[in-house]
Amino acid sequence: MKYAIFDFDGTLADSMIMWRSVGKSFLSQQGYPPLKFTKQSSNDTWEHDFLAEVNKQLGLDITYEYFFNWFSEYVKEQYSNVIPLKDTAYNFLETLYNNGVKMCICSSTHREMMQPAIERLNLSRFFEFTCHCNEFGKEKNDSSIFIHCMEKLGACSPAEVCVFEDAFYAANTARNAGFYTVGIYDSTEHKIDQMKEICHQYINNYTQFDFDKVNF
């Protein structure tokens, strides 16, 4: 193996539970009661949907600007001080690095949010670069972002590159584009059976990765 593309949240960082509970954290920190509605979608509009439901159920008039400012500071603080690496991830990265594997991170999380965690967890030395969906202009349901990372790493073909993902939709995109795809268990992903079907390997932690199955 010469090249690897890693997702960050849920793959290297144990952060997906934080993302899934942002709404509940907001209500708790603001002193509001929990809602019956707890929508947390993966698209770009969940913040508006959540805030509209807060205002409706609690009879409030919280502005999106207020919520977004809280949201940004909360997430940055979590990445800066709280979010841990997933178990066995650091040793695995070190093994790849020591064996000359060129690696990058491809993430849906914004750079300014994620970078404090990269620095705190001492990960910068492992990666050639980090690629962020908002900067590239495509999400991971579009294979062009994986192709971009592949080319920037110096690989000539997707078949030369391992892509590590915890989310089914992203793993499926990478597999369909011809990448060697490794699924990583995360408790927030509900399509685990589908992940096992489409991934070349599916592992609960990095000690289970089988190097003998990677014939490139």
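The figures that follow rest on heavy atoms only: side chains count, while hydrogens, waters and symmetry mates do not.
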**Study point:** Any donor-acceptor pair under 3.5 Å from Arg111 side chain to Cys131 backbone
**Key:** no
Review point. Ser108 and Glu139: which non-hydrogen atoms are nearest, and at how many Å?
Key: OG-OE1, 3.6 Å
Point to revise | Heavy-atom check, side chain of Glu165 versus side chain of Phe146, under 4.5 Å | key: yes
Point to revise | Pairwise distance OG1(Thr63) to CG(Leu51) - rounded to 0.5 angstrom | key: 7.5 Å
Study note, to complete from the structure: Heavy atoms of Met195 and Ala171 approach each other most closely as SD-CB, 3.8 Å
Review point. Any salt bridge between Asp166 and Lys86, counting N to O under 4.0 Å?
Key: no
**Study point:** From CA spacing to verdict: side-chain contact (heavy atoms from CB on, under 4.5 Å), Gln201, Phe164
**Key:** CA-CA 10 Å; Gln201 293 189 48; Phe164 295 82; over 6 Å; no
Review point. Do any N or O atoms from the side chain of Glu160 and from the backbone of Tyr3 form a donor-acceptor pair under 3.5 angstrom?
Key: no
Exercise for review: Check whether any side-chain heavy atom of Pro158 sits under 4.5 Å from a side-chain heavy atom of Ile147, and report yes or no.
Suggested key: yes
**Study point:** Linked, directly or transitively: Tyr74 and Tyr64 (ILVMFWY side chains, under 4.5 Å)
**Key:** yes
Practice item. Might you point out which heavy atoms bring Asp7 and Leu12 nearest each other, and give the distance in Å? Key: O-CG, 3.6 Å
Practice item. Over 60° means perpendicular and under 30° means parallel, so classify the ring planes of Phe92 and Phe209, tilted if in between. Key: perpendicular
Practice item. Look at the side chain of Ser143 and the backbone N and O of Ala177, then say whether any donor-acceptor pair between them is shorter than 3.5 Å. Key: no
**Study point:** Neighbour count >12 (heavy atoms, 6.0 Å) for atom CD, Glu65
**Key:** no
Check your understanding: Does the His200 side chain pair with the main chain of Tyr180, one donor and one acceptor, at a distance under 3.5 Å?
Key -> no
Exercise for review: Nearest 0.5 Å please: distance from the OG atom of Ser72 over to the CD atom of Glu77.
Suggested key: 13.5 Å
Review point. Side chains of Leu153 and Glu151: does their closest heavy-atom pair fall under 4.5 Å?
Key: no
Check your understanding: Just by modelled atom types, is the Asn205 backbone N or O under 3.5 Å from a matching donor or acceptor in the Thr207 side chain?
Key -> no
Practice item. State, with a plain yes or no, whether a side-chain heavy atom of Val182 is found less than 4.5 Å away from one of Val163. Key: no
Check your understanding: Are any non-hydrogen side-chain atoms of Tyr202 and Ile192 less than 4.5 angstrom apart?
Key -> yes
Review point. For the hydrophobic clusters of this structure (ILVMFWY residues joined by side-chain heavy atoms under 4.5 Å, transitively), does one cluster hold both Met16 and Ile118?
Key: yes
Practice item. Check the hydrophobic clustering (I, L, V, M, F, W, Y; side-chain heavy atoms under 4.5 Å; chains of links allowed) and say if Val82 and Val22 are grouped together. Key: no
Practice item. Answer yes or no: is there a donor N or O on one side and an acceptor on the other, between the side chain of Lys196 and the main chain of Gly183, under 3.5 Å? Key: no
Check your understanding: Can you tell if the side chain of Thr173 reaches within under 4.5 Å of the side chain of Lys140, non-hydrogen atoms only?
Key -> no
Point to revise | Over-ring placement of Arg125 relative to Tyr97, 6.0 Å and 45° cut-offs | key: yes
Point to revise | side-chain hydrogen bond (donor to acceptor under 3.5 Å, both in side chains) assessment of Asp9 paired with Ser15 | key: CA-CA 6 Å; Asp9 295 286; Ser15 54; 2.5 Å; yes
Review point. Can you tell me if Arg120 uses its side chain to pair, donor with acceptor, with the backbone of Tyr79 under 3.5 Å?
Key: yes
Exercise for review: Decide side-chain hydrogen bond (donor to acceptor under 3.5 Å, both in side chains) for Asp87 and Tyr206; before the verdict, give the C-alpha distance in whole Å, the side-chain angles of both, and the deciding distance to 0.1 Å.
Suggested key: CA-CA 8 Å; Asp87 184 40; Tyr206 289 97; over 6 Å; no
**Study point:** Spacing of Cys199 atom SG and Gln194 atom CD [to the nearest 0.5 Å]
**Key:** 11.0 Å
Practice item. Verify side-chain contact (heavy atoms from CB on, under 4.5 Å) between Trp70 and Ser25, making sure each step is shown before the conclusion. Key: CA-CA 11 Å; Trp70 175 90; Ser25 297; 4.2 Å; yes
Check your understanding: In terms of the angle between their ring planes, are Tyr66 and Phe26 parallel, tilted or perpendicular, with boundaries placed at 30° and 60°?
Key -> perpendicular
Review point. Which heavy atom in Trp19 sits nearest to a heavy atom in Met113, and how many Å separate them?
Key: CH2-SD, 4.2 Å
Review point. Is any side-chain N of the basic residue among Glu128 and Lys152 closer than 4.0 Å to the acidic one's carboxylate O?
Key: no
**Study point:** Partner of Asp186 under side-chain contact (heavy atoms from CB on, under 4.5 Å), chosen from Asn204, Thr11, Asp14
**Key:** Asp14
Check your understanding: Under 6.0 Å between ring centres, would you say that holds for Phe8 and Phe6?
Key -> no
Check your understanding: Hey, are the side chains of Ser187 and Ile17 touching, using non-hydrogen atoms and a 4.5 Å cut-off?
Key -> yes
Exercise for review: With the side chain counted from C-beta on, respond yes when His132 and Thr130 share a heavy-atom pair under 4.5 Å apart, and no when they do not.
Suggested key: yes
Check your understanding: Taking Asp142 for the side chain and Ser144 for the main chain, is one N or O donor matched with an acceptor at less than 3.5 Å?
Key -> yes
Practice item. Might you point out which heavy atoms bring Leu58 and Pro33 nearest each other, and give the distance in Å? Key: CD2-CG, 3.8 Å
Point to revise | Ser124 to Gln115 - nearest heavy-atom pair and separation | key: OG-NE2, 4.2 Å
Check your understanding: Roughly how far apart are Met114 CE and Glu119 CD, rounded to 0.5 Å?
Key -> 10.5 Å
Review point. Is a side-chain donor or acceptor of Gln30 paired with a backbone partner of Tyr32 at a separation under 3.5 angstrom?
Key: no
Point to revise | Donor-acceptor pair, side chain of Glu53 and main chain of Asp49, under 3.5 angstrom | key: no
